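Computed from a predicted structure; not experimentally measured. In what follows, every chain begins at residue 1, and chains take the letters A, B, ... in the order their sequences are listed.
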Amino acid sequence: MPTYRAPRGTRDLLPAERPTWARLEALARDLAARYGYREITTPLFELADVFERGIGEVTDVVQKELFRLAPRTEESERWALRPEPTAGIMRAYVQHGMQTWPQPVKLTQTGPMFRYDRPQAGRYRQFVQFDVEAIGDPGPAIDAEIIELGFRFYREAGLDGVEVLLNSIGDGACRPSFIAALTDYYRGHVDALPPLERERLDRNVLRLPDSKDPAMTALNAAAPRITEFLCDACAAHLAGVRAHLDALGVAYRLEPSLVRGLDYYTRTAFEFYKTGREGQQQALGGGGRYDGLIELLGGRPTPGIGFGIGLDRLVLALAETGGASDAEPAPVAVVVGADPDDTVGRLRVATDLRGAGIAARAELGRRKLGKQLEAAVRDGAHFAVILGDELADGNVTLRDLRAATQTLVPVGELADTIARAEASHTHG
RNA sequence: GUGGCCUUAGCUCAACGGCAGAGCAGCGGAUUGUGGAUCCGCAGGUUAUGGGUUCGAAACCCAUAGGCCACCCCA
């Protein structure tokens with residue numbers, strides 16, 4: 001075992017897996033831009049208050065999973081690594097007076113998040129989220145637009161069979177009455193509750209209808225449903241979201257037991273799942289409306305909606321569906337030579353090629369030509385440039401490693417020749 | 001945070017309580033300027049770590065760490 005390894009719940013993304021990540025990161029950026037979202041980068045850590053107030057003091061994310069930074073001095077502020085992107089972006093919205101920008105303000109960010117969780121496959125202490133936020137639009141049309149954007153992201157990423165789960169969790173006007181009704185209902189059957197569920201009754205009653213305990217299925221089937229308690233405004237909002245989704249042809253499933261773990265959500269809540277893997281575990285992404293969040297962080301009352309999509313889980317899902325992983329870029333040419341000791345010559349030719357914009361590797365090891373060519377082939381290079389006696393006449397040998405053909409080329413024409421051959425190859 | 005399964009070379013895996021090995025990957029060589037095949041060789045390990053049992057532990061026991069699974073929760 002190595003002396004040091006990556007901290008628990010973190011991992012190194014090695015060169016072989018980076019191209020897939022790079023593709024998804026580029027897709028996230030391009031897609032967000034296509035929908036009118038502008039890029040923002042916020043700090044990886046914030047005052048802990050931003051998360052505690054924004055996400056909610058009594059949520060698991062804050063109580064158990066926040067990565068708090070140890071203060072360095074007495075005066076040092078209480079910082080925490082960001083467990084999610086929304087609170088920081090809303091902090092920035094307030095700080096920079098974005099309420100004076102044309103509304104809605106549509107922002108996107110992709111980057112690492114941190115949660116002090118017990119790791120598992122697809123669950124890491126450092127993970128990457130693709131996030132979009134639309135601030136200042138009360139919906140419901142923008143709700144549908146943002147769900148469709150997320151749905152499209154998976155499709156264009158190459159992941160099929162993604163399902164949208166949709167719910168409304170009400171607002172300050174109607175959610176309290178639903179919580180009261182739910183609490184009453186389960187209190188009335190408290191003797192039938194397993195110990196764990198009994199504990200959740202007080203802590204997080206909204207989670208009970210979603211329980212995976214078989215003993216709960218009958219009880220949950222008869223439990224009150226949020227849809228029966230939505231106020232007129234929330235019901236109309238949900239109907240509006242659905243109408244717009246229908247118009248866009250986005251298939252979704254109403255899931256009345258869907259709740260979200262962060263306190264700031266209101267009304268629209270949604271999650272993306274790989275079909276067949278629904279449940280509270282392994283959501284590919286999720287989001288919702290947070291109409292009270294900006295006010296909580298000191299801004300004027302402003303509606304907002306967004307989602308976070310977990311790229312780690314998307315990469316896992318893509319691998320599970322057996323798709324080939326993206327290929328690493330290979331050098332176009334590798335400069336090799338008959339004289340193993342002539343590293344100066346090989347490096348100089350490679351440098352000239354690089355200056356001409358050609359991806360070239362110089363063989364700087366002092367090994368025999370056969371080994372150099374072998375390594376060039378393993379690199380996936382298209383051409384080998386062979387330096388040898390022909391240099392006396394100002395020529396090098398340009399060998400096409402795929403076609404196994406070679407020609408003499410004057411050194412001065414090498415870059416042009418390679419560029420031309422490579423272009424005709426990739427475009428033809 | 002709770003419970004369970006697992007951990008031997010870079011990777012995938014062998015080894016009855018009795019000498020730690022193979023395949024792949026890496027590096028070198030096969031009469032001296034040409035390839036992914038083949039053959040030969042080299043290197044790679046305090047068997048995750050620390051204790052214990054035993055004449056003797058990779059193997060049995062305990063603890064710790066890490067990975068995974070189910071919860072909790074979330075991406």
Side-chain angles (χ1 to χ4, degrees), chain A residues 1-11 14 16 55 58-66 82-86 110-131 150 194-197 199-200 203-204 206-207 210-213 258-262 271-274 277 279-287 307-317 334 336-340 342 363 365-381 383-391 396-406:
Chain A
M1 270 297 116
T3 310
Y4 299 110
R5 50 185 168 187
R8 183 175 201 196
T10 71
R11 63 226 168 99
L14 301 180
I55 296 168
V58 298
T59 58
D60 276 23
V61 170
V62 165
Q63 279 187 336
K64 319 196 313 193
E65 299 169 6
L66 208 55
R82 63 184 186 192
E84 56 86 53
T86 307
T110 297
M113 309 295 155
F114 305 85
R115 288 185 204 178
Y116 191 81
D117 236 4
R118 190 153 154 184
Q120 236 171 274
R123 198 170 76 180
Y124 305 102
R125 290 183 170 185
Q126 175 178 335
F127 57 98
V128 175
Q129 270 191 20
F130 162 40
D131 181 78
L196 179 64
E197 308 302 334
E199 182 195 320
R200 290 164 77 187
R203 197 163 46 90
N204 199 351
L206 286 174
R207 290 276 170 201
D210 193 39
S211 173
K212 268 161 283 190
D213 193 322
L258 172 66
V259 294
R260 308 238 67 221
L262 316 180
E271 288 184 347
F272 300 103
Y273 281 93
K274 182 88 176 101
R277 302 197 62 172
Q280 281 297 313
Q281 185 107 3
Q282 296 291 335
L284 288 170
F307 67 62
I309 281 179
L311 294 190
D312 305 77
R313 287 183 181 178
L314 174 54
V315 169
L316 266 181
V334 173
V336 301
D339 175 7
D342 185 21
E363 174 60 63
R366 294 154 192 263
R367 45 185 174 179
K368 49 188 283 189
L369 181 58
K371 289 289 179 188
Q372 297 183 37
L373 284 167
E374 204 176 309
V377 168
R378 264 198 317 259
D379 263 6
F383 298 101
V385 177
I386 304 171
L387 274 46
D389 296 337
E390 56 270 49
L391 258 182
V396 298
T397 298
L398 179 61
R399 180 169 179 83
D400 185 325
L401 293 169
R402 292 174 197 161
T405 58
Q406 61 188 43

Output all residues satisfying side chain to side chain donor-acceptor pair (under 3.5 Å) with Glu84(A), sequence neighbours left out; order by chain, then residue number.
-> Thr86(A), Tyr264(A)
Residue list, side chain to side chain donor-acceptor pair (under 3.5 Å) with Asp342(A), at least two apart or on another chain = none
Is there a donor N/O on one and an acceptor N/O on the other, under 3.5 Å, for the side chain of Arg5(A) and the base of G67(B)?
-> no
Could you give the distance separating C42(B) and A57(B) at their P atoms, to the nearest angstrom?
-> 30 Å
Stems involving RNA chain B: give each as a range paired with a range, ordered by first number, where a stem means at least three consecutive Watson-Crick or G-U wobble pairs under 3.5 Å.
-> B:1-7 with B:65-71, B:10-13 with B:21-24, B:26-30 with B:38-42, B:48-52 with B:60-64
Shortest side-chain distance from Asp60(A), nucleotide among C72(B), A75(B), G3(B) = C72(B)
When you compare U8(B) with A43(B), how far apart are their P atoms, in angstrom units rounded to a whole number?
-> 23 Å
Please state the C1' separation for the pair U49(B) and A65(B) - nearest whole angstrom.
-> 7 Å
Is it the case that Gln129(A) and Thr110(A) place a side-chain donor and acceptor less than 3.5 Å from each other?
-> no
Does Arg82(A) count as lying over the ring of Phe114(A), i.e. NZ or CZ under 6.0 Å from the six-ring centre, within 45 degrees of the axis?
-> no
Shortest non-hydrogen pair, Leu401(A) vs Ala381(A), comes out as CD1-O, 3.7 Å
Side-chain N,O (Lys368(A)) to OP1/OP2 (A30(B)) below 4.0 Å | yes
Presence of Arg8(A) side-chain N/O under 4.0 Å of G67(B) phosphate oxygens OP1/OP2 | yes
Under the salt bridge (charged side-chain N to carboxylate O under 4.0 Å, His left out) test, residues paired with Lys64(A) that sit two or more places apart = Asp60(A)
Spacing of the C1' atoms in U47(B) and C60(B) (rounded, Å) = 15 Å
Starting at the 5' end of nucleotides 34-39 of chain B, put B wherever the base has a protein heavy atom under 4.0 Å, S where only the sugar-phosphate does, and a dash everywhere else.
-> BBB---
Between G36(B) and C27(B), how far apart are the P atoms? Round to whole Å, please.
-> 12 Å
A25(B) to C13(B) separation - C1' atoms, rounded to the nearest Å | 14 Å
Roughly how far apart, to the nearest Å, are A9(B) and A58(B) at atom C1'?
-> 14 Å
Gln372(A) side chain vs Arg367(A) backbone, donor-acceptor pair below 3.5 Å = yes
Output all residues satisfying side chain to side chain donor-acceptor pair (under 3.5 Å) with Arg11(A), sequence neighbours left out; order by chain, then residue number.
-> Asp312(A)
